[in-house]
Structure formats: structure tokens, C-alpha cells
**Student:** 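My structure is below; once you've seen it, I'll send some questions.
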2 protein chains.
Amino acid sequence: MRRTLLEAALSVLQHDGAAALTVRNITDRAGCSTTGIYTHFGGKHGLVEAIFLDGFESFDESLTPHYHSGDLAEAGRAYRRWALANPTHYLVMFGRAVPDFEPSERAAQRAAVSFQFLVDAVADATTVPGDIDPPAAAYHLYATVHGYVMLELVGMGPADTGSLDELYENGLTRALRHRAEVGLELP
Amino acid sequence: MRRTLLEAALSVLQHDGAAALTVRNITDRAGCSTTGIYTHFGGKHGLVEAIFLDGFESFDESLTPHYHSGDLAEAGRAYRRWALANPTHYLVMFGRAVPDFEPSERAAQRAAVSFQFLVDAVADATTVPGDIDPPAAAYHLYATVHGYVMLELVGMGPADTGSLDELYENGLTRALRHRAEVGLELP
DNA sequence: CGACCATCTGTAACTAAGTTATGTCTATAA
DNA sequence: TTATAGACATAACTTAGTTACAGATGGTCG
């Protein structure tokens, strides 16, 4: 039942957006009464947290293969692909799309784990150890990519949306180009 | 009365967050009945749109002086200062913090005007015309700065929050460093 | 000057959403 | 076999966005 509710919630989120993520919408789709959310998640807050955590699981599944192959550029492309494929989910995780929801300490740590994967990947890609600070370089990459994606998701990209692919590729390349200054080797 | 309501809404937003931005909270603080929001703004949606527009006005007031003096780095610092001073306001404008709110065409154009100011500033700072594409360079700067600020606002910055100043400065400098490749002169 | 109309404003009610109290049922353990 | 804990439904409560309706206000035209 817990699994059914979570899947129903994700379905509502994907099809109708964060505003439609109501207790009754979810339980109607799951085929149970509103109580289910309280017995299994302790309330709507707990369910949103489950969505948050699930998002980072799915996220990592998309990115870690590219981390392991050392292809940070492709990881950056996969980041955007995931966000565009799950826009409302992304906004719940990063955009405070559900009012009153603040991730718990545990949820924040789960998000930090995803970031740590990136830090490790950057460290692995560093050819001259000591020349760069992997956390700082990773954070710059993370922030840049997140900024591009976030603007695109909320419709604040350029008027000519057709150019977004090219802009993103340009921004990603630029954010990855640490080598000349700080020793990060591009694949 | 319209002014009073808008100021009350901004006050609620600033002090109690986007989740507390309810019709009754606002009208109570403004000292009128709930109807006021409907006569003056057509509903909560219209009021949020007014908040959105007001945000970009205030935003521009903080940034354009630095644009005019040609100091893009200082403009970037002012960007973050504004966001940190008005975190909930920023999230309403850029983070979909109010569910169901999507800026109207007019509001989106107002946001585009703010971006155009940046494009112009980048164009002004370009010493070798033709070497860079001001919209693309401006968008990269915008996206990067936005990414840093957004992560910080939702609490997804580094565990050591004390390092955020330094990280931001580093990211800003990096995003501004177009010169070697594309001819944008740093002040 | 007075009647009229548009606009503003408050009261109260309606619908929907998050939550909780209460009771039933089932399954497991003593 | 009985008792208890957990899952589940029903129904109600509180709060939020919205609207219907009525009174009040203020400017305009005959």
C-alpha cells in the first residue's frame, strides 16, 4: 500500500503538477481513503519527503554510470535530461514547489550523498592532484548546471527556446573547463 | 488600499514565508476584508503577480547602478545580496514557491526586461565587438549566479556554510572570465 | 440640486484541502 | 481462544480560496 501511494503521488505529480498533489487526489488514484497517507507516511509532509528521497535515487541512477565512466560532460547532459523528463519532481526537490515542505535532516543528508558522488567523480577526473579543490569545482559545476535547468523549467529561459540546447552545451563546457587554471582534465 | 494590500503581502512573505501567504493573513494585516484582494487584484493569483512584478522592480533598482558603472562583478554580488535579503520573494519569482502560480505573458516580459539590462551591460563591457555573443554570455552569467543563489536559499549549499561567500566569489569570477576566450573585458 | 451608476467594502457562505477521532477488521501472539 | 496492534474507512473539524449579496461612497449627468 505504501508503494502504491508513492507511485500514485508520483503519477499525480508528473501528470498534473505540484499544485494537484493533494491528499485526496493521491488516495483517489491509489484507491484508498485519505487515512492511508497518515498511517504510512505520517501525513502529507512525510509523503513529500518520500518523493524527495525517491527523486535522488532516480537521479543517481541516471548520473552515476557517467561518473563511473569518467564522462562529466555526459553526466551534465544526463542531469538536464532527468530534470526535463521529471520537471515537477525536480521542482519539488530543488524549488520548494510544495509550500511548508522543508526536507528533514535525513533527507538533506541523502541529497548531500548525491553531491558527494559528483565530488568523487571530479576528484577522479583530476589529473594533477592538489591543483584543484574537488568540492569547490564540483559545487561550481553543480550550481551552474542547476541554474540553467532551473531557469528552463520555470520558463525563464531565452525567448528563443530552440537555442537552449546550444546554450546549455556552451554553459556546461564552460563550467567544466577548469583545466587551464586548476588542473581538471576534460575527457 | 491596493498599495496597503501589496505591502501587507510583502510583509507576510518576508516574515512568515510563502506558505503563510494566505488571503486571510494578508487582509488581516492590511486591516480589511478578504474581498479587497478580489477587487484590487482579481484574486490571489493577481496579487502574487503583483509581488512578482514588484520583485523585479526592486531587483533592478539594486543592480542597474552597477550595470551603469560597468562593474559586472559587483552586480553579481548585489544579485546575491538581494536574494539573501529577500529569500522568500526570490523563491516566488524564480522557484515556483506559490503553487498554481504561473507568471502571465506580461509578467514574463517584465522579467525579460531585467535580463535585457544584463545583456546590455555585457555588451557595454565587451571591448572587441563581435568576439562574444552578449545574450549567450549574459545568460551564462545569469544562470550561474542563479544556480548558486538558489542552492543557497533552499539550504542545499555545502555543509560548511561559512565557505559560501568564498565559493560564490569563485563562481562569479569564473562565470565572468570570458575574456581569454571570447573577448569580454573584466573591469 | 438630486437621481443614478460604478466602484469599493464587509458579511457570510460555499467548495476544497489537510488533518484527526472513532470504529471495524484482520492477523499475529499469548 | 482471546487479546492486542496495525491497517483501513467514515465522517467530521479547521483552514484556505472564492463568490454572492448587500450596504456605502463618491463622482456624473439631467
Side-chain angles (χ1 to χ4, degrees), chain A residues 1-54 88-89 91-93 95-104 107, chain B residues 1-54 88-89 91-93 95-104 107:
Chain A
M1 189 77 242
R2 190 180 195 277
R3 189 85 213 151
T4 305
L5 277 167
L6 182 54
E7 278 164 12
L10 290 173
S11 171
V12 170
L13 191 58
Q14 177 117 23
H15 293 99
D16 303 322
L21 198 68
T22 71
V23 170
R24 284 169 179 81
N25 270 347
I26 297 165
T27 53
D28 283 356
R29 184 166 313 217
C32 70
S33 119
T34 58
T35 327
I37 288 182
Y38 293 86
T39 58
H40 292 287
F41 298 93
K44 190 188 179 185
H45 188 282
L47 190 145
V48 175
E49 177 138 322
I51 290 173
F52 182 94
L53 293 170
D54 177 88
T88 51
H89 205 155
L91 287 173
V92 168
M93 294 155 67
R96 290 272 183 282
V98 176
D100 261 340
F101 172 70
E102 182 126 14
S104 67
Chain B
M1 190 78 240
R2 190 180 195 278
R3 188 86 213 151
T4 306
L5 276 167
L6 181 55
E7 278 164 13
L10 290 173
S11 171
V12 170
L13 191 58
Q14 177 118 26
H15 292 98
D16 303 322
L21 198 69
T22 71
V23 169
R24 284 168 179 80
N25 268 347
I26 298 165
T27 53
D28 283 355
R29 184 167 311 217
C32 70
S33 118
T34 59
T35 326
I37 288 182
Y38 294 86
T39 58
H40 292 287
F41 298 94
K44 192 189 180 186
H45 187 282
L47 190 145
V48 175
E49 176 137 323
I51 290 174
F52 182 93
L53 293 170
D54 178 87
T88 50
H89 206 154
L91 286 174
V92 168
M93 294 156 67
R96 291 272 184 282
V98 176
D100 262 339
F101 172 70
E102 181 125 12
S104 68

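Chain letters run A, B, ... following the sequence lines, proteins first, then strands; residues in each count from 1.
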**Student:** Donor-acceptor pair, distance only, cut-off 3.5 Å: does the side chain of N25(A) make one with the backbone of A20(A)?
**Tutor:**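 Present.
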**Student:** Taking only residues at least two apart or on different chains, which pairs with a member in residues 37-52 of chain B satisfy salt bridge (charged side-chain N to carboxylate O under 4.0 Å, His left out)?
**Tutor:** none
**Student:** Please name the pair of heavy atoms, one in A19(B) and one in D100(A), separated by the smallest distance, quoted to 0.1 Å.
**Tutor:**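 Distance-wise, the nearest heavy atoms are CB-OD1, 3.3 Å.
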**Student:** Would you check if the side chain of T88(B) reaches a backbone N or O of L13(B) as a donor-acceptor pair within less than 3.5 Å?
**Tutor:** yes
**Student:** I'd like to know if the side chain of R29(A) pairs up with that of S11(A) as donor and acceptor (distance under 3.5 Å, no hydrogens or angles considered).
**Tutor:**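 Present: a donor and an acceptor within the cut-off.
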**Student:** Looking at every heavy atom in both Y38(B) and V23(B), which two are closest together, and how far apart are they?
**Tutor:** OH-CG2, 4.3 Å
**Student:** Contact boundaries of DNA chain D with chain A (under 4.0 Å, heavy atoms), 5' to 3'?
**Tutor:** dC8(D) to dA12(D)
**Student:** Begin from the C-alpha positions of M1(A) and H40(A) and carry the test side-chain contact (heavy atoms from CB on, under 4.5 Å) through to its verdict.
**Tutor:** CA-CA 8 Å; M1(A) 189 77 242; H40(A) 292 287; 3.6 Å; yes
**Student:** Looking at I51(A), L47(A), V48(A), which one forms a side chain to side chain contact (heavy atoms under 4.5 Å, CB included) with F41(A)?
**Tutor:** L47(A)
**Student:** Pair R96(B), R96(A) - check side-chain contact (heavy atoms from CB on, under 4.5 Å), show working.
**Tutor:** CA-CA 7 Å; R96(B) 291 272 184 282; R96(A) 290 272 183 282; over 6 Å; no
**Student:** For DNA chain C, which residues in residues 3-27 of chain B have a heavy atom at a distance below 4.0 Å?
**Tutor:** R24(B)
**Student:** Sorted by first residue and then second, give each salt bridge (charged side-chain N to carboxylate O under 4.0 Å, His left out) pair with at least one member in residues 4-13 of chain B; sequence neighbours left out.
**Tutor:**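 Qualifying pairs: R3(B)-E7(B).
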**Student:** Please report the shortest heavy-atom distance between L5(B) and A30(B), naming the atom on each side.
**Tutor:**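 Answer, listing the atom of L5(B) first, then A30(B): CD2-CB, 3.7 Å.
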**Student:** Using a strict heavy-atom distance below 4.0 Å, which residues from residues 37-51 of chain A are in contact with DNA chain D?
**Tutor:**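 Of all residues in residues 37-51 of chain A, the ones placing a heavy atom under 4.0 Å from DNA chain D are T39(A), H40(A).
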**Student:** What's the shortest heavy-atom distance between A107(A) and F52(A), and which atoms?
**Tutor:**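 Scanning both residues completely, I find the closest heavy atoms to be O-CE2, 3.4 Å.
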**Student:** Using a heavy-atom cut-off of 4.0 Å to chain B, what are the terminal contacting nucleotides of DNA chain C, in 5' to 3' order?
**Tutor:**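 So the outermost contacting nucleotides come out as dT9(C) to dA13(C).
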